[in-house]
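The residues of the chain are indexed from 1 along the displayed sequence. Everything quoted here is computed from the prediction, not taken from an experiment.
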Amino acid sequence: MEDRKREDIALLARAMECRDSLAEFRRERERCKRFTYGDQWNDTIEDRGIKMREHDYIVSQGNMPLKNNLIRRLVRNVLGVYRNQWHTPRCRARDLRETDDAELMNRLLEHNMERNRLEELYARSMEEFLISGMVVHKKWFGRLGPDTDCRTDLVSPSSFFFDTSSRDFRGGDVTLAGEIHTMRFSELAATFACKPSDIAVLRGIYGVPQGESESAVCVVYEIWERRRPLRLRCRDRRSGRMFTAGADEEGVIMRENKKRLSRGETALVETRWVTDEIWRYTFMTPEGVILRRGDSPYAHKSHPYVFKAYPYIDGEIHSFVSDIIDQQKLTNRLISMYDWILRASAKGVLLFPEGSLPDGADINDIADEWCRFNGVIVYRPRAGVPLPQQVSSKSTDIGITELLEIQMKMMEDISGVNGALQGKLDSNSMSGTLYNQQTQNSLTALADLLRSFDDFMTDATAKDISNIRQYYTPRHIRRAVGVTISMADNQSDAQSVKE
């Protein structure tokens with residue numbers, strides 16, 4: 001028991017280590033998300049030893065932080081390209097004799113996509129992919145509306161973790177993956193309680209008093225770990241059946257062989273040791289208490305997650321948005337600088353002689369009245385004292401307009417989203433051939449990003465197919481396509497492709 005407890009704590013510690021290794025990614029994701037949705041003056045700076053937000057610093061100087069959100073426009077344009085190129089993932093048979101089976105699977109896939117609203121889900125996934133550089137789906141079987149079905153959930157990368165020591169961008173060498181769930185106690189009880197007494201146990205684990213089921217928030221770690229145990233690969237020569245047995249079942253097989261030999265039989269159970277690969281799930285509390293565990297229930301024998309990081313180099317993730325944040329910051333500074341110059345040129349400085357100040361008046365009152373629209377300043381003219389006057393200078397062209405144009409052009413060059421892709425013409429005399437060529441050149445710059453997301457969709461569809469073949473009953477098939485066919489008879493060698 002103590003050894004099992006130490007193993008559980010070690011597994012939790014490893015999961016937390018994997019999550020901590022993604023801390024920099026989560027910080028960068030939050031920053032990219034802020035810039036995408038307009039919060040672009042929130043970076044921390046230091047002024048005379050005091051740390052503050054850029055927004056607070058600008059306000060403290062009496063200015064207004066302005067912005068022109070170009071990042072959001074570029075993200076919308078790439079999303080528009082993706083939407084226009086959208087095609088439903090389809091299944092293609094390798095063997096022409098299985099074309100009918102592949103067509104049936106396509107109809108089931110289409111039904112499942114409609115049930116999960118996957119076209120919209122993939123669009124939102126692409127948006128996450130552009131902002132953070134990572135997208136995660138969870139493919140599982142469970143309640144979907146009033147019925148049970150193969151489900152697809154969009155998992156936030158901020159709650160997801162995986163083994164970042166992996167270096168395969170396809171995820172083939174990942175040995176641990178999971179997510180952190182935050183749920184109310186009522187949802188926790190509905191998920192993990194099998195009988196009324198289990199609810200009382202869960203209350204004790206999380207310290208939730210009676211009557212606080214809805215307000216109490218509970219945290220659950222879902223951890224999937226890949227293991228490679230030694231197992232017995234067995235072949236029963238009497239029945240011809242092939243099966244796998246655990247190391248603790250070796251004695252049972254040996255006794256069965258002795259019984260057969262004692263009866264004069266020669267058809268024994270042949271065994272050989274092999275290294276198997278299994279994925280094991282564990283649901284546990286932050287204190288290491290196990291709520292549920294077991295081997296993967298899926299036919300693909302893997303975890304339910306499909307995730308893609310782009311690009312994934314030496315465990316690092318750098319998103320599409322992160323590449324253009326510096327240009328966005330400089331654009332905002334140029335716009336703010338332009339505004340400051342215009343406001344200073346428009347108002348100027350008021351020279352107010354001390355001798356002209358009325359009795360009982362304060363110079364701050366004069367300044368407030370001068371700043372006010374249609375303000376009136378009462379002063380007392382005196383001999384030899386000059387009149388109040390405003391000193392202003394004409395705004396000079398210091399090249400801000402040209403710098404802004406350069407920055408916007410650089411942003412288009414870095415992102416690959418040029419004017420043609422945005423529907424803009426460089427001149428009214430541009431030919432249609434040149435415009436189409438510029439559009440194609442822009443799509444070439446985005447081709448790697450879009451194809452990488454297509455690869456993610458291919459992996460996701462492969463797990464959809466596996467789950468549909470495993471979980472769809474004749475009732476599911478009848479509801480989807482109007483015919484009753486056993487999935488056991490539909491074991492086609494179909495391949496998931498994005499056409």
S.K.: For the backbone of S166 and the side chain of Y312, can you confirm whether one donor and one acceptor N or O come within less than 3.5 Å of each other?
M.R.: yes

S.K.: Answer yes when R31 and D43 have at least one side-chain N-carboxylate O distance shorter than 4.0 Å, and no when they do not.
M.R.: yes

S.K.: Once you round to the nearest 0.5 Å, how far does NZ of K139 lie from OG1 of T152?
M.R.: 3.0 Å

S.K.: Check the pair R34, E30 against salt bridge (charged side-chain N to carboxylate O under 4.0 Å, His left out), reporting the backbone distance first and the verdict last.
M.R.: CA-CA 6 Å; R34 287 192 289 103; E30 288 298 319; over 6 Å; no

S.K.: How about E17: does its CD atom have over 12 heavy atoms from other parts shown lying under 6.0 Å from it?
M.R.: no

S.K.: Restricting to non-hydrogen atoms, name the atom on W41 and the atom on L66 that form the minimum distance, rounded to 0.1 Å.
M.R.: NE1-O, 2.8 Å

S.K.: Can you find a heavy atom in the side chain of I468 that is under 4.5 Å from one in the side chain of M105?
M.R.: yes

S.K.: Report the residues that fulfil side-chain hydrogen bond (donor to acceptor under 3.5 Å, both in side chains) with R451, sequence neighbours left out, ordered by chain and then residue number.
M.R.: none

S.K.: Parallel, tilted or perpendicular: which fits the ring planes of F160 and F307, with parallel below 30° and perpendicular above 60°?
M.R.: tilted

S.K.: Do the side chains of R226 and D163 get close enough for a salt bridge, i.e. N-O under 4.0 angstrom?
M.R.: no

S.K.: Given 3.5 Å as the limit, does a donor-acceptor pair link the side chain of N69 with the main chain of T36, or not?
M.R.: yes

S.K.: Can you give me the closest heavy-atom contact between L109 and P89, atom names plus distance?
M.R.: CD1-O, 4.3 Å

S.K.: Using 0.5 Å steps for rounding, measure from the CG atom of N68 to the OG atom of S336.
M.R.: 10.5 Å

S.K.: Quick test of your reading of the model: are E127 and R72 salt-bridged, counting only N-O distances below 4.0 Å?
M.R.: yes

S.K.: Taking the side chain as every heavy atom from C-beta outward, state whether Q327 and L70 have any pair of such atoms under 4.5 Å apart.
M.R.: no

S.K.: With rounding to the nearest 0.5 angstrom, report the CD1 to CZ distance, I199 to F192.
M.R.: 13.5 Å

S.K.: Over 60° means perpendicular and under 30° means parallel, so tell me whether Y472 and H476 are parallel, tilted or perpendicular.
M.R.: parallel

S.K.: Can D173 and R167 be counted as an ion pair, charged N to O under 4.0 angstrom?
M.R.: no

S.K.: For the residue pair T164 and F25, establish whether any side-chain heavy-atom pair is separated by less than 4.5 Å.
M.R.: no

S.K.: Do E54 and R333 have side-chain heavy atoms sitting under 4.5 Å apart?
M.R.: yes

S.K.: Using a 6.0 Å cut-off, check whether atom CE of M64 has over 12 heavy atoms from anything other than its own residue.
M.R.: no

S.K.: Using a 3.5 Å distance criterion without hydrogens, assess whether the side chain of S466 forms a donor-acceptor pair with backbone atoms of A462.
M.R.: no

S.K.: Any idea how Y122 and F456 line up, ring-wise: parallel (<30°), tilted (30 to 60°), or perpendicular (>60°)?
M.R.: perpendicular

S.K.: Could you measure the distance from the NZ atom of K308 to the CZ atom of F129? Nearest 0.5 Å is fine.
M.R.: 7.0 Å

S.K.: If the condition is side-chain hydrogen bond (donor to acceptor under 3.5 Å, both in side chains), which residues does D198 pass it with, not counting sequence neighbours?
M.R.: K195

S.K.: With no hydrogens and no angle check, is any side-chain donor or acceptor of T285 less than 3.5 Å from a backbone partner on E287?
M.R.: yes

S.K.: Whether the E110 and N106 side chains hold a donor-acceptor pair (N or O, under 3.5 Å, no angle test) is what I'd like checked.
M.R.: no

S.K.: Answer yes or no: is there an ion pair linking R293 with E225, defined by an N-O contact shorter than 4.0 Å?
M.R.: no

S.K.: Hey, does L449 have a side-chain heavy atom less than 4.5 Å from the side chain of L130?
M.R.: yes

S.K.: Restricting to non-hydrogen atoms, name the atom on F35 and the atom on Q328 that form the minimum distance, rounded to 0.1 Å.
M.R.: CD2-CG, 4.1 Å

S.K.: Got D149 and N116 here, is their nearest side-chain heavy-atom distance under 4.5 Å?
M.R.: no

S.K.: With a cut-off of 6.0 Å (strictly less than), are more than 12 heavy atoms of other residues, nucleotides or ligands near CZ of R233?
M.R.: no

S.K.: Quick one: closest heavy-atom pair of C150 and N112, and the distance?
M.R.: O-ND2, 2.8 Å

S.K.: For the residue pair S319 and I131, what are the closest heavy atoms and their distance?
M.R.: OG-O, 2.8 Å

S.K.: Below 4.0 angstrom, N of the basic side chain to O of the carboxylate: do R83 and E120 qualify?
M.R.: yes

S.K.: What I'd like to find out is whether the side chain of I278 reaches to under 4.5 Å of the side chain of S296, using heavy atoms alone.
M.R.: no

S.K.: So does R117 have more than 12 non-hydrogen atoms from other groups sitting under 6.0 Å from CZ?
M.R.: no

S.K.: Taking the side chain from D314 and the backbone from E316, do they hold a donor-acceptor pair closer than 3.5 Å?
M.R.: no

S.K.: If every non-hydrogen atom of Y305 is compared with every non-hydrogen atom of E179, which pair is closest and at what distance?
M.R.: OH-OE2, 3.0 Å

S.K.: Using a strict cut-off of less than 4.0 Å between a Lys/Arg side-chain nitrogen and an Asp/Glu carboxylate oxygen, indicate whether R90 and E103 qualify as a salt bridge.
M.R.: yes

S.K.: How about CZ on R53, more than 12 heavy atoms from neighbouring residues, nucleotides or ligands closer than 6.0 Å, or not?
M.R.: yes

S.K.: Please work out which of the three classes, parallel, tilted or perpendicular, describes the rings of F141 and Y471, given edges at 30° and 60°.
M.R.: parallel

S.K.: Would you compute the distance between atom OH of Y221 and atom CD1 of I290 and round it to the nearest 0.5 angstrom?
M.R.: 13.0 Å

S.K.: Students often mix this up, so state it plainly: with edges at 30° and 60°, are the rings of H303 and W279 parallel, tilted or perpendicular?
M.R.: perpendicular

S.K.: Verify the ring-centre separation between F185 and Y206: is it less than 6.0 angstrom?
M.R.: no

S.K.: Is there a salt bridge (charged side-chain N to carboxylate O under 4.0 Å, His left out) between D147 and R479? Walk through the geometry before answering.
M.R.: CA-CA 11 Å; D147 303 311; R479 184 177 59 205; 3.4 Å; yes

S.K.: Compare all side-chain heavy atoms of K138 with those of E222 and state whether any distance is below 4.5 angstrom.
M.R.: yes

S.K.: Any side-chain to backbone donor/acceptor pair from R19 onto S158? Under 3.5 Å, distance only.
M.R.: yes

S.K.: Can you tell me how far the CD1 atom of I313 sits from the CD1 atom of I317, to the nearest 0.5 Å?
M.R.: 11.0 Å

